[in-house]
Amino acid sequence: MTAEEDLPEVSGYSRVSVLISAVVGLAVAALSLFWAQGLRIGYESLYRVNPSVEGGGIGSDWVFGNTIPALDFLIALIHAADVIMGAFILVMVFIHWAAFQRLAGQMREPGEDVSEAVAADGGSPAGGDGQGGDGA
Amino acid sequence: MSNLDHGKFTRVTTLFHSLLGLDVFLLFFTGYAIMFNDELWWMLTLMGGASGVTAIHRITGIGLVALVIFWITLQIISSTGRSNFSKILPGKDDIDAFIQDIQFVLGRADERHPSARQFGGYKADEVPLLSYIGKGVVFIFSIELTLLAISGLLIWSKTGLAAMFQTKAAAMAFVTFHGLLGVIMLMGVMFHIFEHGMHPAFYPVETKAFIPRSMVPEHHGDEDEEPDTTGIERLSLSPSWRTVSTIFGAMTVIGIVSVLIGSIFDEGYPVPRELAIGGGPSSILLTVGINLGMVVLGVGLVLSMYGNVLRIRWEQQLEEEREQPTAADGGEPQTDGGQPNADDAESEN
Ligand code: HEM
Ligand code: HEM
């Protein structure tokens, strides 16, 4: 069998739709660039302070400056969202970590004799570190 | 069985994934060099200081706008795209898959649910386009990227900002909001890298997002013969997997926890919301942790490039096989240690 014969038939995206989408994407990007930047050369510096804040003295401005309570609330909200999503993502990391340990336990150990491993019971051979791979 | 498993994505999707990844990594590196400038001072310096970093962030920001709009348009105007919509909706299978993953971890289930399975193997036909994690990733990343692009453009436009906020501080608060929004994406991508880099059957990288479906030969066993297992027990574990996955898993966890803590302390760039003395930024532990998180992202960037190297090699091999049809199929497509050897491939139907 040649490689060609067993390659699947795939109906992907048509050239035209890819092309149109690319043009739309670039056009919108160009428009938003124009809107955000105008035709000025260089980048704006009005509202930003150098990231390394050595100057000081801006703090008082901050305390009295943020007069929009909604924005304060928005920031509190997004903090909460970050923490909740962070906890959730951590749980997902741990589940996958543990699942991977178990799957690894089902696999052949590196260098394991191929002929004996045909008995596919998924158990780790003796000498494995026993992590997870109890083969149920 | 090819160790590539069944391909899922089209060539356009795989290329899009790589471009999006590259762009988002650059946005991460520059954006968080600003937000965590205490901890990532070296990155800030490396990328040309304040002006260099913000310039790169803006250029890649425009790139992100182009990519996001491209993708949305493509999904709407093409039939392939429209047929995707039903495939990303969460269903009962996804809840079952989540529960079964927990059971699998606890040893109460023998295998992962098809809607959770990354390695399909002999049972690849059961595996849907997206796992339950995949669906969640699509939702979270889409919402995040859209909101980040909108808020980013608003910050950029002086007139836009001035129209919305009267004071400098209020404008800065909006920048903070934009940065905090990205933290979810940041943590999510770290998990994404761990998930697709450290699966023992695919280690060091799962090629599904890199080698398009059109290039993955499909072998179907005798139809009447239901496979009992995915066949994962026939694959050999890479000698380095245990060590590397443990270290990388730890780095992922530390990275996520650190950027989360950092985002709470460092939020008020350039001035903390409450003018606390001391606190997070000076902590050495936090500095180490956030830097480890950046290493995780760096590994992701490398893996994404490596995935493309594998695609090119795979393409070349397909070419060669076409030239000499006598060559046995299913030869060793990848050269790294952890992959199953040619024996596995040939013994399969
Ligand atoms: C910022 C960078 C990235 C973004 C925004 C991104 C985004 C996505 C999205 C939205 C999906 C589809 C949903 C899913 O299946 O999870 C996906 C799938 C995938 N990504 Fe990424 N990705 C990034 C980086 C990476 C990296 C570094 C790797 C390699 C280690 C990777 C490997 C994969 C794989 C293998 C899949 C297919 C998963 C499946 O079986 O469904 N991605 N990615
Ligand atoms: C994955 C997407 C993105 C992430 C993770 C991200 C992250 C960040 C972060 C962390 C900051 C610093 C916030 C702070 O100081 O607290 C920032 C600032 C900024 N971002 Fe983004 N961003 C993203 C996309 C965009 C896009 C699409 C644009 C514009 C089109 C954009 C424009 C800006 C601008 C103008 C700033 C202010 C920089 C300055 O201080 O001059 N960002 N971003």
Side-chain angles (χ1 to χ4, degrees), chain A residues 1-4 6-8 10 12-14 17-18 20-22 24-26 28-29 32-33 35-36 43-44 46-47 49-53 58-59 61-62 65-68 71 74-75 78 82 85-86 89-90 92-93 95-100 103-104 106-110 120 122 134 136, chain B residues 10 12 34 37 50 54-55 62 65-66 69-70 73-74 77-78 80 101 104-105 107 110 153 156-158 167-171 173 176-177 180-181 183-184 187-188 191 194-195 198-200 213-214 217-218 232-233 235-237 239 249 252-253 256 260 263 270-271 275 318 321-322 325 329:
Chain A
M1 195 167 29
T2 65
E4 226 159 331
D6 51 7
L7 289 184
V10 173
Y13 298 100
S14 71
S17 46
V18 172
I20 296 175
S21 312
V24 175
L26 290 173
V28 173
S32 46
L33 179 64
W35 176 77
Y43 71 99
E44 56 95 0
L46 186 64
Y47 278 136
V49 184
N50 283 349
S52 46
V53 205
I58 328 150
D61 190 15
W62 173 268
N66 186 3
T67 48
I68 308 178
L71 209 53
L74 216 56
I75 288 176
I78 197 83
D82 284 347
M85 288 306 294
I89 290 169
L90 279 175
M92 285 302 166
V93 173
I95 289 180
H96 282 75
W97 196 342
F100 289 172
L103 288 171
Q106 292 175 349
M107 290 169 66
R108 289 179 195 171
E109 288 301 315
D134 59 5
Chain B
T10 63
V12 174
I34 304 174
N37 58 79
T54 50
I62 284 297
V65 173
I69 300 288
F70 163 78
T73 313
L74 186 63
I77 67 169
S78 69
T80 309
D101 254 0
F104 180 72
V105 164
D110 290 334
L153 281 172
W156 192 341
S157 152
K158 269 198 271 186
T167 62
K168 238 179 171 179
T176 300
F177 172 75
L180 289 177
L181 202 58
V183 171
I184 297 175
M187 298 184 298
F191 163 68
F194 177 77
E195 187 199 4
M198 294 299 132
H199 190 293
R213 183 178 174 117
S214 59
E218 284 183 352
I232 197 169
E233 68 283 346
L235 304 178
S236 314
L237 195 58
T252 307
V253 171
I256 291 175
L260 189 59
S263 77
V271 197
L275 285 177
L318 280 183
E321 281 175 16
R322 262 170 231 181
D329 66 305

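Chain naming here is simple, since letters A, B, ... match the order of the sequence lines and numbering starts at 1 in each.
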Enquirer: Which answer fits B:Ile62, side chain, backbone, both or neither, if we ask what part of it has an atom under 4.5 Å from a heavy atom of chain A?
Expert: both
Enquirer: With chain B as the partner, which of A:Ala29, A:Ser21, A:Ser14, A:Gly25 has the greatest number of non-hydrogen pairs under 4.5 Å?
Expert: A:Ser21
Enquirer: Is there a side-chain contact between A:Arg108 and B:Leu235 (heavy atoms, below 4.5 Å)?
Expert: no
Enquirer: Let's test your reading of the structure: which of B:Asp101, B:Val65, B:Ile69, B:Ile256 forms the most heavy-atom pairs below 4.5 Å with chain A?
Expert: B:Ile69
Enquirer: Check whether A:Leu74 gets within reach of chain B through its side chain, its backbone, both or neither, counting any heavy atom under 4.5 Å.
Expert: both
Enquirer: Answer whether the closest heavy-atom distance between the side chains of A:His96 and B:Phe191 falls below 4.5 Å.
Expert: yes
Enquirer: Please flag which part of A:Ile95 lies under 4.5 Å from any non-hydrogen atom of chain B: side chain, backbone, both or neither.
Expert: both
Enquirer: Side-chain contact, heavy-atom cut-off 4.5 Å: B:Phe70 with B:Val12?
Expert: yes
Enquirer: Once you round to the nearest 0.5 Å, how far does CZ of A:Phe100 lie from CZ of B:Phe194?
Expert: 6.0 Å
Enquirer: Taking all atoms of both residues into account, what is the closest heavy-atom pair of A:Ser32 and B:Leu153, and its distance?
Expert: CB-CD1, 3.6 Å
